[in-house]
Engineer: 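What follows is a structure written as structure tokens; I'll ask about it next.
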Amino acid sequence: MRYSQYFLITTKETPAEAETVSHQLMLRAGMIRKVATGIYNYLPLGLRSIRKMEQIVREEMDRSGAIELHMPMVVPGELWRESGRWEKYGKELLRFKDRKDAEFCLGPTHEEVVTDIIRNLVRSYRQLPLNVYQIQTKFRDEIRPRFGLMRGREFIMKDAYSFDMDDTGANLAYQKMYDAYCRIFERCGLKFRAVEADSGAIGGSSSHEFMVLAESGEDAIVSCDSCHYAANVEKAELLFREVGTPQPSEELRKVATPDQRTIEEVAAFLNIPPARLVKTLVVRTDAGEVLAVLLRGDRELNEIKLCHVLNCNAVEMAPEEVVREVTGAPPGFAGPVGLKVKILADNEVRGLADFVTGANEEGFHLMGVNNGRDFSVAQWGDLRIASAGDPCPRCEGGHLEMWRGIEVGHVFKLGTKYSAALKATVLDENGESVTPIMGCYGIGIGRTVAAAIEQNHDENGIVWPMALAPFQVLVTAINPNQENIRTAAEQLYADLQAAGIEVLYDDRDERPGSKFKDADLIGIPLRITVGDRGLKNGEVELLERRGGVKTMLPVAGAASRVAEMVREALR
RNA sequence: CGGGGCGUAGCGCAGCCUGGUAGCGCACCUGCCUUGGGAGCAGGGGGUCGGAGGUUCAAAUCCUCUCGCCCCGACCA
């Protein structure tokens with residue numbers, strides 16, 4: 001591609017709308033342009049990287065035995081009613097009506113549609129196992145889209161769905177996808193980890209998330225420093241180690257703590273560490289039940305774990321009037337002693353004695369509080385968020401480290417949630433109806449490309465891994481108006497193309513400085529500079545974007561040498 | 001949804017407080033010049049100042065409403 005003929009507009013200044021590096025660089029490099037919140041144009045350069053990603057995914061999915069198809073983006077509401085998700089999915093599901101007033105939605109995921117296909121077309125166990133996938137534009141009306149392609153409302157996703165006759169088959173399908181995902185992200189040149197995850201709104205029994213490690217990641221993950229355990233913090237289990245019931249040594253007493261509401265304030269006021277406090281959170285479930293949760297003062301509630309314990313879909317912090325009603329005090333002074341509602345407590349609280357809690361009275365806290373003597377807990381459980389240094393739940397002696405990551409892929413075992421809801425059945429070898437067991441597997445295409453930039457950039461721009469680079473080689477003619485330079489550059493361009501290399505040829509009548517700045521910004525892995533300096537010795541200069549290594553190559557063998565380097569990088 | 005901020009040329013911004021014929025840098029166009037890290041000179045085009053209403057002789061500027069965008073929060077008692 002000749003740069004002068006291409007549609008590539010870069011900017012020197014960083015657009016004000018962008019916060020994260022990948023977003024800024026994708027805008028500046030002319031890869032994307034915003035149309036509306038969370039909705040983007042893919043400009044030619046950006047589309048090339050997107051297509052690269054899609055192709056890698058396609059190849060690895062095909063290799064794993066999955067079969068590509070394509071489902072509609074516009075989905076009848078009726079199918080979503082059948083699964084029950086029309087009511088459950090919430091505002092992320094963009095709904096609308098057609099001219100006949102029939103309900104539709106933009107598909108945020110396609111379990112319903114794919115299950116509909118299977119129940120209509122698959123009759124016999126002989127047709128299974130089956131794993132079908134598509135690469136498609138999805139729409140989720142996110143609460144807060146941000147970071148460019150990282151969290152858009154409209155985005156490109158690869159979604160795959162497996163159908164098996166039994167658990168053994170389903171587990172095998174899951175493992176195949178897990179392996180395929182590892183190959184995909186390895187081919188992209190990304191540093192990533194597969195972590196245990198909560199299966200969330202999609203449902204199902206177990207799942208792994210594929211996390212690209214990056215400081216700017218929206219997710220926190222933990223991993224063990226001595227074994228292979230890794231999990232999303234939402235999921236990370238914590239061991240309960242029986243420490244025996246601690247003996248109270250203090251009397252219960254009330255202390256004035258005027259205007260001291262937060263853990264930090266109370267701890268500072270009483271001059272004790274936050275870990276000596278027990279916080280009492282008044283929560284309300286989506287079913288309307290109000291209860292209290294106790295946690296050590298320096299810990300945080302894991303709402304997902306709490307939901308699992310309570311068997312509900314969501315919990316929220318109770319609004320102030322509810323807190324007042326339940327505790328008799330404004331927020332900031334809640335405590336378990338004398339509380340009217342059911343009390344749940346994190347396992348860790350079992351080992352505490354003589355702690356501090358709110359007094360359920362404005363301006364007062366209690367000291368010397370003890371479980372059993374002063375109040376009783378209805379239910380114990382693992383309710384808190386893991387933190388760095390917690391013991392590993394899987395091995396002896398290991399401790400958890402914390403990372404930040406970007407979720408680029410997710411694999412789920414779904415069980416029969418959708419196949420049962422949509423009454424998909426096939427006949428087994430005995431002629432019995434069996435509900436197939438499903439799995440679903442997603443990869444965020446645009447998000448992976450953005451994550452690759454988060455992980456591969458420097459102060460001058462993007463440093464593409466070869467596999468995702470929009471072009472593999474950039475040929476820069478220092479001065480295309482100069483006969484010998486143009487001739488040599490054109491020849492190199494032709495030779496590289498003939499060798500099957502994706503090459504961008506900067507033939508613009510611009511000053512070298514601008515061309516070099518653009519080159520760094522768009523981050524093509526290999527840059528060949530053709531100018532007088534080298535040509536007088538019959539050479540051109542090769543610059544590797546990553547590492548900045550410069551090598552002089554003889555003009556004659558340059559194309560084949562560079563072509564070989566590209567192939568080497570893709571191996 | 002709550003809080004904060006911003007909408008002025010394609011991009012980045014000033015002007016607004018204190019109303020008086022809309023500016024700067026980059027980009028773009030023409031010409032000259034220049035060609036190894038975003039050159040220089042000269043000339044030029046481009047804006048219903050997000051939208052609607054109001055106040056005023058006069059509104060980018062003041063008032064009201066509205067739309068859009070960005071950030072934070074929606075997890076702590």
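In what follows, every heavy atom counts, from backbone to side chain, and hydrogens, waters and symmetry copies are set aside. A note on names: the letters A, B, ... follow the listed sequences, proteins ahead of strands, and every chain is numbered from 1. Just so it is clear, the structure is predicted and the values come from calculations on it, not from any experiment.
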Engineer: Rounding to an integer number of Å, can you tell me how far A/Glu303 CD sits from B/A77 C1'?
Structural biologist: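 Result: 14 Å.
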
Engineer: Determine which nucleotide pairs with B/G25, using a 3.5 Å limit on both distances of a Watson-Crick or G-U wobble pair.
Structural biologist: B/C11

Engineer: Please work out if A/Val282 contacts a base, only the sugar-phosphate, or nothing of the nucleic acid, heavy-atom cut-off 4.0 Å.
Structural biologist: base

Engineer: Pick the P atom in B/U56 and in B/G51, then give their distance to the nearest Å.
Structural biologist: 23 Å

Engineer: Answer yes or no: is there a side-chain heavy-atom contact under 4.5 Å between A/Arg140 and A/Thr109?
Structural biologist: yes

Engineer: Looking at side-chain heavy atoms only, is the closest gap between A/Leu213 and A/Gln455 below 4.5 Å?
Structural biologist: yes

Engineer: Tell which nucleotide pairs with B/A52, taking only Watson-Crick or G-U wobble pairs whose two distances are both under 3.5 angstrom.
Structural biologist: B/U64

Engineer: For atom C1', what is the distance between B/G45 and B/G37, given to the nearest Å?
Structural biologist: 30 Å

Engineer: Whole-Å distance between B/C75 P and A/Asp346 CG?
Structural biologist: 19 Å

Engineer: Can you tell me the Watson-Crick or wobble partner of B/C1, both distances under 3.5 angstrom?
Structural biologist: B/G73

Engineer: What interatomic distance, in whole Å, is found between P of B/U21 and the corresponding atom of B/C26?
Structural biologist: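 My reading of the P atoms in B/C26 and B/U21 gives 26 Å.
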
Engineer: Just the rounded figure in Å: distance from C1' of B/G38 to CG of A/Leu8.
Structural biologist: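 A/Leu8 atom CG is separated from B/G38 atom C1' by 15 Å.
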
Engineer: Charged N to carboxylate O under 4.0 angstrom, A/Arg545 versus A/Asp458?
Structural biologist: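 Looking at A/Asp458 together with A/Arg545, the answer is yes, because their closest N to O distance falls below 4.0 Å.
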
Engineer: Within this structure, what is the CG-to-P distance between A/Leu25 and B/C11, rounded to whole angstrom?
Structural biologist: 19 Å

Engineer: Could you tell me whether A/Gln482 contacts a base, only the sugar-phosphate backbone, or nothing, with contacts defined as non-hydrogen atoms closer than 4.0 Å?
Structural biologist: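 Touches nothing.
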
Engineer: Check every atom of B/U35, B/G37, B/A77 against the side chain of A/Val323 and return the nucleotide holding the closest atom.
Structural biologist: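 Out of B/U35, B/G37, B/A77, the nucleotide with an atom closest to A/Val323's side chain is B/A77.
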
Engineer: When you compare B/G38 with B/C17, how far apart are their C1' atoms, in angstrom units rounded to a whole number?
Structural biologist: 38 Å

Engineer: Yes or no on side-chain hydrogen bond (donor to acceptor under 3.5 Å, both in side chains) for A/Arg153 and A/Thr37, after CA distance, side-chain angles and deciding distance?
Structural biologist: CA-CA 8 Å; A/Arg153 291 194 291 172; A/Thr37 302; 5.1 Å; no

Engineer: Contact class for A/Ile143 vs. all strands (heavy atom < 4.0 Å): base, sugar-phosphate, or nothing?
Structural biologist: base

Engineer: B/G20 and B/C32: how far apart are their C1' atoms, nearest whole angstrom?
Structural biologist: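 Going atom to atom, C1' in each nucleotide, I get 41 Å.
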
Engineer: Does B/G37 pair with anything, Watson-Crick or G-U wobble, both distances under 3.5 Å, and if so, with which nucleotide?
Structural biologist: none

Engineer: Base, sugar-phosphate, or nothing for A/Thr327, non-hydrogen atoms under 4.0 angstrom?
Structural biologist: nothing

Engineer: So that I can tick it off, tell me whether A/Arg2 and A/Glu490 are bridged by a salt bridge, with the cut-off set at under 4.0 angstrom between side-chain N and carboxylate O.
Structural biologist: yes

Engineer: Indicate, with a heavy-atom threshold strictly under 4.0 Å, whether A/Ala318 touches base, sugar-phosphate, or nothing.
Structural biologist: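 Touches a base.
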
Engineer: Quick test of your reading of the model: are A/Lys235 and A/Glu209 salt-bridged, counting only N-O distances below 4.0 Å?
Structural biologist: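 Looking at A/Glu209 together with A/Lys235, the answer is no, because their closest N to O distance does not fall below 4.0 Å.
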
Engineer: Tell me whether the side-chain N/O atoms of A/Arg511 come closer than 4.0 Å to OP1 or OP2 in B/U34.
Structural biologist: no

Engineer: Assuming nearest nucleotide by heavy-atom distance, tell me which of A/Thr11 and A/Phe333 is located more 5' along RNA chain B.
Structural biologist: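 The 5'-side residue here is A/Thr11.
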
Engineer: Does A/Glu87 CD have over 12 foreign heavy atoms under 6.0 Å away?
Structural biologist: yes

Engineer: Output one line per pair: protein atom, nucleotide atom from nucleotides 70-72 of chain B, and distance, for all N/O pairs under 3.5 Å.
Structural biologist:
residue : atom : partner  : partner atom : Å
B/C70   : OP2  : A/Thr37  : OG1          : 3.1
B/C72   : OP2  : A/Arg144 : NH1          : 2.7
B/C72   : OP2  : A/Arg144 : NH2          : 2.4

Engineer: Could you check how far CD of A/Glu459 sits from C1' of B/G37, rounded to whole Å?
Structural biologist: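 Answer to the nearest Å: 14 Å.
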
Engineer: Picking from B/G38, B/U34, B/C11, which would you name as closest to the side chain of A/Arg28?
Structural biologist: B/G38

Engineer: How many whole angstroms separate atom CD1 of A/Ile32 from atom C1' of B/C11?
Structural biologist: 15 Å

Engineer: Establish, yes or no, whether a centroid distance under 6.0 Å links the rings of A/Phe471 and A/Tyr6.
Structural biologist: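 Here the rings of A/Tyr6 and A/Phe471 have centres that are less than 6.0 Å from each other.
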
Engineer: Which part of the nucleic acid does A/Arg527 contact within heavy-atom distance under 4.0 Å: base, sugar-phosphate only, or nothing?
Structural biologist: base

Engineer: Between B/C76, B/G25, B/C26, which nucleotide gets closest to the side-chain atoms of A/Lys12?
Structural biologist: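 From the listed options, B/C26 comes nearest.
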
Engineer: Please give me the minimum heavy-atom distance between A/Glu454 and A/Met150, naming the atom from each residue.
Structural biologist: CG-CE, 3.6 Å

Engineer: Give the rounded distance in Å between these two atoms: CZ of A/Arg508 and P of B/U34.
Structural biologist: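 Going from CZ in A/Arg508 over to P in B/U34 covers 21 Å.
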
Engineer: Atom pairs under 3.5 Å, N or O on each side, protein against nucleotides 42-45 of chain B: can you list them with distances?
Structural biologist:
none

Engineer: Tell me yes or no: between the side chains of A/Glu407 and A/Asn232, is some donor less than 3.5 Å from an acceptor?
Structural biologist: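 Side chains of A/Glu407 and A/Asn232: no pair found under 3.5 Å.
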
Engineer: Classify the nucleic acid contact of A/Ile385 as base, sugar-phosphate or nothing, counting any heavy atom under 4.0 Å across all strands shown.
Structural biologist: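 Base, at least one base atom sits under 4.0 Å.
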
Engineer: With C1' as the reference atom in both, quote the distance from B/C29 to B/A9 in angstrom, rounded to an integer.
Structural biologist: 15 Å

Engineer: Quick check on RNA chain B: between A/Gly297 and A/Gly513, whose nearest nucleotide comes earlier from the 5' end?
Structural biologist: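 It is A/Gly513 whose nearest nucleotide is closer to the 5' end.
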
Engineer: Decide yes or no, distance alone: a donor-acceptor N/O pair under 3.5 angstrom between the base of B/G38 and the side-chain of A/Glu510.
Structural biologist: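 Side chain to base: no pair below 3.5 Å.
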
Engineer: Remember a base hit wins even if backbone is also touched, and classify A/Asn481 as base, sugar-phosphate or nothing at under 4.0 Å, heavy atoms.
Structural biologist: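 Touches a base.
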
Engineer: For B/C17, what is the paired nucleotide under Watson-Crick or G-U wobble rules, both distances under 3.5 Å?
Structural biologist: none

Engineer: Determine, for A/Glu19 against A/Arg146, whether the closest basic-nitrogen to carboxylate-oxygen distance falls under 4.0 angstrom.
Structural biologist: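 Salt bridge: no.
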
Engineer: If I pick the P atom on B/A42 and the same atom on B/C24, what distance separates them, to the nearest angstrom?
Structural biologist: 14 Å

Engineer: Categorize A/Gly531 for me: base, sugar-phosphate, or nothing, with a 4.0 angstrom heavy-atom threshold over every strand shown.
Structural biologist: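 Base contact.
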
Engineer: Nearest whole Å is fine: how far is B/C1 P from A/Glu92 CD?
Structural biologist: 15 Å

Engineer: What integer number of Å spans the C1' atoms of B/A58 and B/G3?
Structural biologist: 37 Å

Engineer: Taking the minimum atom-to-atom distance to the side chain of A/Lys279, which one of B/G37, B/C76, B/U35 wins?
Structural biologist: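 Within the option list, the nearest is B/C76.
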
